Amino acid sequence: MAARRAPPGGTAPKSSSEAPDCQTRINRLKYILSKKRKTPLSARGHWSTWPAFASGQTVPRSHKPCCAPEERPSGNKQVLRTIPKPRYLERLESYLRKELQSLDLTKKNSQELKLQPYREIFEFFIDNFKTYKPLLSAIKNEYEVTLVIKTSQCTMEMASDEILPRNSHQKKTIRALEPLKAMITTMSEECTQQILALQEKEKDEINMLKQEKQHLLKFIDDMKEEKSSLQVQVEHLWTSVAEEYARYLNEYGARKMLLAKLNDMHNERLDRTRHQVQDVKGEDVVKLTLALKIARQDLTKAQVKLNAMIADYGDAVPRRDFESLEKKYSDLLQEMKTLQKDFDQLHKEYETLQEIHRETAEERDNFCAELQQVQRNRTPRPNWAKCSEVIPGGAARWGCLAEGKTSDQLVDVLLEEIGTGVLKEINVFPGWGKGDAVPVYLRHDGEVRNKKLTKKDVVNILKDVWKEKSALEQQTGKRSSLPEFFLGYLQKKYGDAAAMEWSYTLYENMRLCRSNHVLRSFYDVLTGKVGEEQYHSQNQLVSNLQKELAAYDSSNSGSLTSEQFSAAVREAFPLKRKESIQELVDASRYRLDNTEDLIDYDEEGNTEPFVAKLRSQYVRERREYLRELKSKLGDLTEVKADDLKTAFCTIDPNIDDQTLDTYVGLAYQVRREQPDQDVVPVETALERLLAGDVRRARPSPGERSTTSLEEEQADFQD
């Protein structure tokens, strides 16, 4: 709310008597401001705005400003009411009347004095309507400027001596009103903030009350629904009670009728009993005496007959007991026959076992005698330490070569060392000729120069041959012959002229170096002693084991504990026995000196004895499997395909049809789709199976120790 101030460029009062009037107006303005703070707000927290033209007019009670014209009720049905003036408007009008009444209109500047109250009211109006304040202020300023211009035109005609006192008086009045203006501005801002706070507070309260109202309305609806439901239940219960009441009333009537009927029947029974007693009392005494005499005679006869039956049948058994005893006897007799039969069978088995025991004892005595004879006739064990004097490298190298090997293996090592030494001194090899019996990779006439390769060079070349052959087979999808591929590889790599030199050199190194697995396996496959499938199968075994060991090595350190290593081996080879697993674990710890009980399984670790043991077990298990097959075939010299299938299914019940057909085709040297051959010798079939990759599909029915298996290998070879 603005304070009363002089218009810019306006004229001040001409006399000093207007100062008390100015002070009076200031006091009234303060009173109005204090009243304004106490003026109540409307329901929405804003000053009520009442239209000036609404005095005495009426508005519809149910009027909705947002409804469409067609939705509004007609004027004839509206309920009219009178809208009173707002309090603020009444106060402004009252203030204006008081100000106008207090003015002295007889003075010369009466028009300016009369304009000042209107100016103040207009300023109050501008301050209260914040939204329209800029527009209203602009309108007021335009009017003020226009008024000042017109006033200045009038005052220019006045004398200059009157201007100075008037201006000085006006400046004093402005300086006196400046503090009041600041106070009014501050109070206006405080009032505005309070109004906004009250509006915000009342807005939250109104929202909360609205929500509470909605909740209460919903609760009232729920209560109404519950009341209607309860009313329905009450009506249903009244119906049920009425039905039950009618039923109980009917039962009550029926019960009364039943009791009456029972009483009638009881009375009739008592009357009938009374009449019977009266009839008995009325019978003849003579008749009763005669009846008693006849009854006594009948009793005597019955007693005599009973005594005779007791005398005749005193030792007899009731039929029911007899039948029960007879059934029990038959059951016991059948059980005795069964036990007797079992006893006879056990007696026969006992006699058979005694005979076997006697024969076994005789064989044991014969073997003991033969053992003593062999021990007396055997040659002395050679002193292998003497070999260190002639082997290059001395005792240290011979110790490494001989460690952990049998006498037969030491002979092979010694022959290999001698052969390799002689091979280095040979400059040329004699050619084998070009006959059909000569392998394709050795068909040459004349002498062939020796390339004098080291064992390492030979191993690398043979590995490269296997690698190239595998790549070619994967590319073409067909299995190629190793001898032909071997010759083609050498011709492609070294030329046709030098191919035979490389072929003879590699062949002689493979023939002499039997201790190296790569050379030995390549030589066996190349010469046809074993099938190529054995080489790939052994490599696959090692690859699968390497994957399992890596899976158990969570830290990728290349080492495992004994427990982890044993578990990984069992996981990779579920068909192996406990003895075989322990052999592999012991081989992995060969020359192991590690206090942390860790086994290195990677390529840099101690894997050579372990892999060698794994390959030897592979060969031993295949031989055991074929020995069982030979034992199952019995004394047959020739075997048919059906008999061979039956023998395979007996020793390996879980073998699948595809594997079975592959084994039979290998024994008969035919493909699976070709018809079965007539017969083949058993020894021929076993030799063909031994050359191929034939092994057990599932664990054997009976577990046997590793020692017994090694003892039976010699019998199979013989």
Side-chain angles (χ1 to χ4, degrees), residues 1-7 21-61 63-65 80-103 112-144 147 177 179-207 209:
M1 186 178 294
R4 186 175 180 181
R5 54 188 178 272
D21 294 337
C22 181
Q23 187 63 34
T24 304
R25 289 192 178 92
I26 290 172
N27 293 334
R28 289 180 181 177
L29 182 58
K30 289 182 180 180
Y31 175 75
I32 291 298
L33 289 174
S34 63
K35 290 295 184 179
K36 179 181 177 182
R37 290 183 181 179
K38 298 179 182 179
T39 302
L41 299 175
S42 63
R44 296 183 58 86
H46 301 281
W47 295 104
S48 54
T49 57
W50 183 84
F53 58 84
S55 178
Q57 295 182 0
T58 58
V59 296
R61 183 185 303 273
H63 173 63
K64 296 181 180 179
L80 304 179
R81 63 187 181 90
T82 304
I83 300 178
K85 287 184 180 181
R87 294 185 181 180
Y88 184 60
L89 180 57
E90 293 179 353
R91 290 179 181 275
L92 292 177
E93 292 178 347
S94 175
Y95 174 75
L96 181 60
R97 285 194 300 270
K98 291 179 180 179
E99 288 294 326
L100 293 175
Q101 290 176 3
S102 62
L103 293 177
E112 292 181 4
L113 296 177
K114 186 177 180 182
L115 179 61
Q116 187 62 29
Y118 286 102
R119 183 183 289 111
E120 293 176 358
I121 294 298
F122 191 58
E123 289 179 356
F124 297 157
F125 190 76
I126 291 173
D127 291 337
N128 281 323
F129 288 92
K130 304 293 184 181
T131 303
Y132 305 100
K133 183 175 182 180
L135 180 60
L136 296 176
S137 299
I139 295 171
K140 176 180 174 295
N141 290 335
E142 289 296 329
Y143 275 102
E144 291 287 348
L147 184 60
L177 292 175
L180 182 60
K181 177 183 178 182
M183 181 183 68
I184 290 173
T185 303
T186 303
M187 292 177 65
S188 175
E189 293 297 332
E190 292 178 357
C191 292
T192 302
Q193 295 296 330
Q194 291 179 3
I195 290 170
L196 294 176
L198 289 174
Q199 289 176 356
E200 190 66 25
K201 181 177 180 182
E202 289 182 358
K203 182 178 180 181
D204 295 339
E205 292 179 358
I206 289 171
N207 292 334
L209 291 174

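Owing to the predicted nature of the structure, the values given are computational and were not obtained by experimental measurement.
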Nearest 0.5 Å please: distance from the CD atom of Q116 over to the CD atom of E99.
9.0 Å
Criterion side-chain contact (heavy atoms from CB on, under 4.5 Å) against S94, the qualifying member of E90, K98, R91:
K98
Between I121 and L92, what is the shortest heavy-atom contact and its length?
CD1-O, 3.8 Å
Please round to the nearest 0.5 Å and tell me the distance separating atom CG of L115 and atom CZ of F122.
11.5 Å
Just how far is it from atom CG of L136 to atom CZ of F125, taken to the nearest 0.5 Å?
6.5 Å
Nearest heavy-atom contact between F124 and Y95 is CE1-CE2, 4.1 Å
Value for CE (M187) from CD (E190), rounded to nearest 0.5 Å, stands at 7.5 Å
For E93, salt bridge (Lys or Arg N to Asp or Glu O under 4.0 Å) partners two or more places apart
K85
Kindly give the heavy-atom pair with the smallest separation between K133 and I126, and that separation in Å.
CG-CG2, 3.4 Å
L196 CG to Q194 CD distance, which is reported to the nearest 0.5 Å:
10.5 Å
Would you give the length of the straight line joining atom CG of N128 to atom SG of C191, rounded to the nearest 0.5 angstrom?
9.5 Å
